[in-house]
Engineer: 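Sending over a structure as structure tokens; questions will come in a sec.
Below, all heavy atoms of this structure are taken into account, side chains as well, without hydrogens, waters or symmetry copies. Chain letters run A, B, ... following the sequence lines, proteins first, then strands; residues in each count from 1. None of these values were measured; they are calculated from a predicted model.
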There are 2 protein chains.
Amino acid sequence: MTINDVAARAGVAPSTVSRALSEPGRGNPATRERIRAIARELNYVPNSQAQALSSGRTGTIALLVSDVTNPFYFGIIRGTQQMSKAAGLAEVLIDTEDSPDLEGDMLRKMRRSLDGAILASSRLSERALIRLAGEIPLVTINRNVRGLPSVVIDSPDGIAQAVEHLVSLGHRDIVYVSGPETSWSNQARWHAMRKAAAKHGLEFRRVGPFARGRSSGTAAADAVLNSGATACVVFNDLLAIGLLTRLAERGVAVPGRLSVVGCDDIFGADFCHPPLTTLSGPAEQAGRAAVSLLLGRLGDPRAPAARRAVLLPTHLTVRESTGPA
Amino acid sequence: MTINDVAARAGVAPSTVSRALSEPGRGNPATRERIRAIARELNYVPNSQAQALSSGRTGTIALLVSDVTNPFYFGIIRGTQQMSKAAGLAEVLIDTEDSPDLEGDMLRKMRRSLDGAILASSRLSERALIRLAGEIPLVTINRNVRGLPSVVIDSPDGIAQAVEHLVSLGHRDIVYVSGPETSWSNQARWHAMRKAAAKHGLEFRRVGPFARGRSSGTAAADAVLNSGATACVVFNDLLAIGLLTRLAERGVAVPGRLSVVGCDDIFGADFCHPPLTTLSGPAEQAGRAAVSLLLGRLGDPRAPAARRAVLLPTHLTVRESTGPA
DNA sequence: CTGAAAGCGCTAACAG
DNA sequence: CTGTTAGCGCTTTCAG
């Protein structure tokens, strides 16, 4: 079942079928409809490999995440899938396993089979990103790189809210529990923390860095306790949940003895114990926005990388892990 | 940078390069190595669309799940990705949004661009599955269909363990909280429940069906309470966690007043409150096994659908949501 | 073992 | 507006 079969059946040239099927406005509407009807009746499905080979457009984009099974990406995945489906694009999800090398290799290898890629929390260096962007349209999420379109969820603003919240509860000794130093978000949050602390005349302190997994929570909890702080803001929810677990093990009351604020409001943040006060962001929207930006680059590949950067707001969701000092 | 460039540089025919690069054993080892060196040096990456078009093999398989953001699939996703990467296959993750129609359409549309597909918890009818299997190699997970290779995580066996556990704690009135009736796993668990109840001389009861999401937990909790049972086995952890939340809201002590057993041991089951006693299965292994089965079908497409069915064991993980009656 | 040649199914100029 | 003619980059007979 090829385009030729359809053409033969309709008594027209293959190229006419091609146009009828994939060039909306052009061609005689009557013949176009006739051809479409025949194609449908014949149950014809275009061969996307052939389309890609000949046109250069693959109709496929990729979403790269450092770990598919990190609930942090849930919203982003949902958002991008939603939007790319709406745009008639296929989306492949790629797990970079937190490795910059793997990330780069994947992109390079798949370059020809993709129209573009969205990097959620890229681990690549700025240099590498810029170079890759020359070979394939790229959009980043939660990572700002000069000249690359990006969408970032504005956690700094949320961090300020979190500190405000803690200060209003009487906390004067707040520590930041740092994630990996290579993480762009971690940097951003840390700086926001410092700024917020200064604003309230507090001393800025931090413990870490810790790996981003839940298991690092043990070490993190011990470090926080050791610091003597009465409250902490944790790099992300995964780590915060791990920390909560350890705190329970050690019999430390939350929020009685220690208040805990997480970041990202992932799946689980609402049902862990105690439910976590955390920063919520519009992750789905971020995903949709990223695809939109990519779509913009796709329409006109030679466009000057419309250096649009979308900044999305976050807000503090107060649950039960924070309380009076 | 095409195969022709490499050929020109090496002073051989394109066909020779093609063989050197993708036919392991054949050709003169010396020239093969020379060509490979040149290809590497030229940073040549084969165009997979062209390969696919001409050879018919796409080097891509798909994993279809009903909802990418359901933590139940985490392990399976990990396992399949691991195995397909090892086999040099690309894997695309497709979200069928719980819709049989979408699932079928997707498979039909992508048929030509896939070497095969793995269906994790397919919602398609047996008829539809068998028909599709004729067009593209298929492997199912947690769904047994005559003639299709499948891997199923043996929850019935685990259910028996769960009932045993509850009975040994003195429970005589155990209710099964049912998931959607269209779910194959739900059927399997329900039957296992009935059998286990009979074995212990208990009356078999169930409430539901409920939707599989966390939000259905509210209704489920109320129904269970209303049933007067002292323990329940819940279709899956998502629902069980929702139920736990509602129980807490109503001030019902778990496991004091009611013991709860979930199924699947998803992300979150260990840190919800109280931590959930649940059935754990080797999800990653299931994913790997599914890819293996598919690989078998791929090697020899005309093979008689080696109706192998892999059955993986589950075990009960006891946490704190179960206790004496 | 290697080269030449013929496509895979489609799109994209270019004519008509 | 439609048909004709070339390929896209690769694999695969088929000869040599």
Engineer: In whole angstrom, give the distance that lies between atom CD1 of B:Ile35 and atom P of C:dG3.
Structural biologist: 8 Å
Engineer: What does B:Arg57 touch in the nucleic acid at a heavy-atom separation under 4.0 angstrom: a base, only the sugar-phosphate, or nothing?
Structural biologist: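 The answer is sugar-phosphate, as B:Arg57 gets under 4.0 Å only of primed atoms, P, OP1 or OP2.
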Engineer: Under 4.0 Å between any heavy atoms, over every strand shown, what does A:Ser15 touch: base, sugar-phosphate, or nothing? Just pick one.
Structural biologist: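 Since a base atom lies under 4.0 Å of A:Ser15, the category is base.
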Engineer: Considering every strand and a 4.0 Å limit on heavy-atom distances, what is the contact class for A:Thr2: base, sugar-phosphate, or nothing?
Structural biologist: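 Touches sugar-phosphate only.
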Engineer: Are any of B:Ser55's side-chain N or O atoms less than 4.0 Å away from OP1 or OP2 of C:dC8?
Structural biologist: no
Engineer: Taking the side chain as C-beta and beyond, is there a heavy-atom pair between A:Val12 and A:Val17 under 4.5 Å?
Structural biologist: yes
Engineer: Measure from the side-chain heavy atoms of A:Ile3 and tell me the nearest of C:dC1, C:dC10, D:dG3.
Structural biologist: C:dC10
Engineer: Do the two ring centres, one from A:Phe74 and one from B:Phe74, sit under 6.0 Å apart?
Structural biologist: yes
Engineer: Less than 4.0 angstrom between a side-chain N/O of B:Ser18 and OP1 or OP2 of D:dT11, yes or no?
Structural biologist: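 Looking at the OP1 and OP2 atoms of D:dT11, one of them is under 4.0 Å from a side-chain N or O of B:Ser18.
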Engineer: Measure CZ/A:Arg32 against C1'/D:dT2 and give the value in whole Å, please.
Structural biologist: 14 Å
Engineer: Calculate the interatomic distance between A:Arg19 atom CZ and D:dT2 atom C1'; express it in whole Å.
Structural biologist: 6 Å
Engineer: May I have the distance from A:Asn4 (atom CG) to D:dT4 (atom P), rounded to whole angstrom?
Structural biologist: 12 Å
Engineer: How close do B:Arg123 and B:Ser66 get, counting heavy atoms only, and between which atoms?
Structural biologist: NH2-OG, 3.2 Å
Engineer: Rounded to whole angstrom units, what separation is found between the CD atom of B:Gln49 and the P atom of D:dG9?
Structural biologist: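 B:Gln49 atom CD is separated from D:dG9 atom P by 11 Å.
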Engineer: Would you mind telling me which residue lines up with the more 5' stretch of DNA chain C, A:Ala52 or B:Asn28, judged by nearest nucleotide?
Structural biologist: B:Asn28
Engineer: In terms of the nearest nucleotide of DNA chain C, which residue is placed more toward the 5' end: B:Thr16 or A:Ser54?
Structural biologist: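 Comparing both residues, the 5'-ward one is B:Thr16.
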Engineer: Could you tell me the separation between the CG atom of B:Leu53 and the P atom of C:dA6, rounded to a whole number of Å?
Structural biologist: 18 Å
Engineer: Looking at B:Ser22 and B:Ser18, would you say the former's side chain and the latter's main chain have a donor-acceptor pair under 3.5 Å?
Structural biologist: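 Side chain of B:Ser22 to backbone of B:Ser18, a donor-acceptor pair under 3.5 Å: yes, one is there.
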Engineer: I need the single residue from B:Ile3, B:Val6, B:Thr2 that forms a side chain to side chain contact (heavy atoms under 4.5 Å, CB included) with B:Pro14. Which is it?
Structural biologist: B:Ile3
Engineer: Without decimals, in angstroms, what is the distance between A:Glu23 CD and D:dT2 C1'?
Structural biologist: 12 Å
Engineer: Expressed as a whole number of angstroms, how long is the span from B:Asn47:CG to C:dG9:C1'?
Structural biologist: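 In whole Å, C:dG9 C1' and B:Asn47 CG are 14 Å from each other.
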